[in-house]
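We use all heavy atoms of the structure for the numbers below, so side chains are in, but hydrogens, waters and symmetry mates are not. Index from 1, following the sequence.
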Amino acid sequence: MTIDRIITIISRMIGQFIELVLVTVLIYLISSIPHIFIFIDQSNGWLVLISMAASVVVSYFGYRYLASKTTAIFERINLKKIGFIIIMLVLTRVLMDFIIPAIFGQNQDISLNQKMIESMFQQGGMVALLFKLNTVIIAPIIEEISFRGIIFEEAKPLGEVVQFIWPTFVFAAVHGPSTPEQWTVYLTAGALLMVVRLVTKKLQYSVMFHMAHNLMATVGL
């Protein structure tokens, strides 16, 4: 392989990575739009409802864009893959409830994302109910379309390793971790979601896994 060929390949990879970073930033900015309404007044049920509606709109257009790039979104329900999800959920709970706390200790600070969730749940009434619905149903859809969907597909030209690592890292970063334990928690969650996505080969199963995980976490709060 000549030097010119090597330079061409490296230049192309750098260009593809820059494009991936720009797409990632754009997706982050678009997916952050619904949160604006909650930050205005998180105790206002109408603003929470508007935020949820905005999330649905963002998810819809994200899905339309993703569907134009891949068919790996839906299939008829496969019971073996559902069984795999259940196994992964058990593994997730073991890691989150026992192994990670055993490594870092039981009294670690929670992330900014977790603080916001707990604050919303403490509002009580309709606000808490709406936010629980958002956490269990809408958030998993928009996050899976964004991370294991669009960003995953955009990373394909850079190879399978980047396809796995980049969406996993971005998923962890947007949840606001600030300590080694928090980074470990979100990187682990992102990696497990990616494993589900890769093994099942359809985005619907990582969405289901994500919903089930958030439901168990919500019930525990």
Side-chain angles (χ1 to χ4, degrees), residues 20-21 24-25 27-29 31-32 34-35 38-39 42 51 55 84-124 128 131-152 155 160-200 203 205-221:
L20 175 61
V21 171
T24 300
V25 171
I27 290 174
Y28 172 72
L29 292 175
S31 61
S32 296
H35 298 280
I38 292 179
F39 288 134
Q42 66 180 26
S51 174
S55 294
F84 177 71
I85 289 177
I86 293 172
I87 293 172
M88 292 297 290
L89 284 170
V90 173
L91 175 61
T92 300
R93 295 327 312 167
V94 171
L95 288 169
M96 299 299 179
D97 295 342
F98 300 103
I99 296 180
I100 293 178
I103 294 173
F104 293 97
Q106 297 287 343
N107 299 313
Q108 297 289 323
D109 291 333
I110 60 175
S111 66
L112 293 175
N113 178 74
Q114 192 66 18
K115 287 179 181 178
M116 185 190 77
I117 291 174
E118 292 188 6
S119 175
M120 293 297 295
F121 288 174
Q122 289 171 2
Q123 297 292 328
F131 199 72
K132 286 179 180 180
L133 290 174
N134 183 76
T135 300
V136 174
I137 299 175
I138 299 177
I141 294 174
I142 193 171
E143 289 186 357
E144 292 311 303
I145 289 174
S146 298
F147 302 117
R148 262 69 58 179
I150 297 174
I151 294 178
F152 178 81
E160 294 179 353
V161 174
V162 176
Q163 266 193 302
F164 188 99
I165 293 177
W166 183 253
T168 300
F169 170 77
V170 175
F171 172 81
V174 300
H175 284 84
S178 59
T179 67
E181 184 202 20
Q182 292 168 17
W183 274 103
T184 301
V185 167
Y186 287 112
L187 285 172
T188 300
L192 292 170
L193 282 160
M194 186 58 75
V195 169
V196 171
R197 168 69 179 82
L198 291 172
V199 171
T200 63
L203 190 67
Y205 296 105
S206 64
V207 172
M208 294 167 65
F209 175 80
H210 201 153
M211 286 181 174
H213 175 269
N214 281 14
L215 175 61
M216 291 189 296
T218 299
V219 170
L221 291 176

Which atom names give the shortest non-hydrogen contact between [X] and [Y], and what distance separates them?
X	Y	result
Leu89	Ala212	CD1-CB, 3.6 Å
Ile151	Leu20	O-CD1, 4.0 Å
Pro167	Val162	CD-O, 3.6 Å
Phe84	Val196	CE2-CA, 4.0 Å
Ala172	Pro177	O-CD, 3.0 Å

ask   = Phe169: what forms a ring pair (Phe, Tyr, Trp, His ring centres under 6.0 Å) with it, not counting sequence neighbours?
value =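 Ring pair (Phe, Tyr, Trp, His ring centres under 6.0 Å) check on Phe169 returns Trp183.
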
inquiry  = Under the rule for ring pair (Phe, Tyr, Trp, His ring centres under 6.0 Å), what residues qualify as partners of Phe209, not counting sequence neighbours?
reply    =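 Here no residue qualifies.
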
[Y] and [X], any side-chain heavy atoms less than 4.5 Å apart:
X	Y	answer
Tyr186	Val174	no
Leu133	Ile138	no
Tyr28	Thr24	no
Thr168	Phe171	no
Ser51	Asn134	no

ask   = What salt bridge (Lys or Arg N to Asp or Glu O under 4.0 Å) pairs are there with at least one residue in residues 163-174, not counting sequence neighbours?
value =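 Listed once each, the pairs would be none.
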
task = Quick one: which residue pairs count as a salt bridge (Lys or Arg N to Asp or Glu O under 4.0 Å) with a foot in residues 85-97, not counting sequence neighbours?
result =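 For residues 85-97, and leaving out neighbouring residues, the salt bridge (Lys or Arg N to Asp or Glu O under 4.0 Å) pairs sorted by first residue read Arg93-Asp97.
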
Quick one: side chains of residues 187-195, donor-acceptor pairs under 3.5 Å with protein atoms, not counting sequence neighbours, listed by atom name and distance.
{"from": "Thr188", "atom 1": "OG1", "to": "Thr184", "atom 2": "O", "distance (Å)": "2.6"}

task = Under the side-chain hydrogen bond (donor to acceptor under 3.5 Å, both in side chains) rule, collect the residues that match up with Thr200, sequence neighbours excluded.
result =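 By the side-chain hydrogen bond (donor to acceptor under 3.5 Å, both in side chains) rule, Thr200 matches no residue at all.
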
query = Residues two or more places apart in sequence or in another chain: which of them pass side-chain hydrogen bond (donor to acceptor under 3.5 Å, both in side chains) with Ser178?
reply =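 Listed in chain order: Gln182.
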
key: Working for side chain to side chain contact (heavy atoms under 4.5 Å, CB included), residues Ile27 and Phe147   = CA-CA 9 Å; Ile27 290 174; Phe147 302 117; 5.9 Å; no

Can you measure from [atom1] ([X]) to [atom2] ([Y]) and round to the nearest 0.5 angstrom?
X	Y	atom1	atom2	answer
Leu91	Met96	CG	CE	9.0 Å
Ile141	Ser55	CD1	OG	10.0 Å
Phe39	Ser32	CZ	OG	8.0 Å
Gln163	Arg197	CD	CZ	8.0 Å
Leu203	Phe152	CG	CZ	9.5 Å
Thr92	His213	OG1	NE2	5.5 Å

key: Donor-acceptor under 3.5 Å (Gln123 side chain, Ala128 main chain)   =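 Not at all, since once roles are kept as given, no pair shorter than 3.5 Å links the two residues.
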
key: With sequence neighbours excluded, residues passing side-chain contact (heavy atoms from CB on, under 4.5 Å) with Val136   =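 side-chain contact (heavy atoms from CB on, under 4.5 Å) check on Val136 returns Leu215, Thr218.
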
request  = Could you note down all residue pairs passing side-chain hydrogen bond (donor to acceptor under 3.5 Å, both in side chains) where residues 135-145 supplies at least one of them, sequence neighbours left out?
outcome  =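 Checked against side-chain hydrogen bond (donor to acceptor under 3.5 Å, both in side chains) - neighbours excluded - the pairs reaching residues 135-145 are Glu143-His175, Glu143-His210, Glu144-Arg148, Glu144-Ser206, Glu144-His210.
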
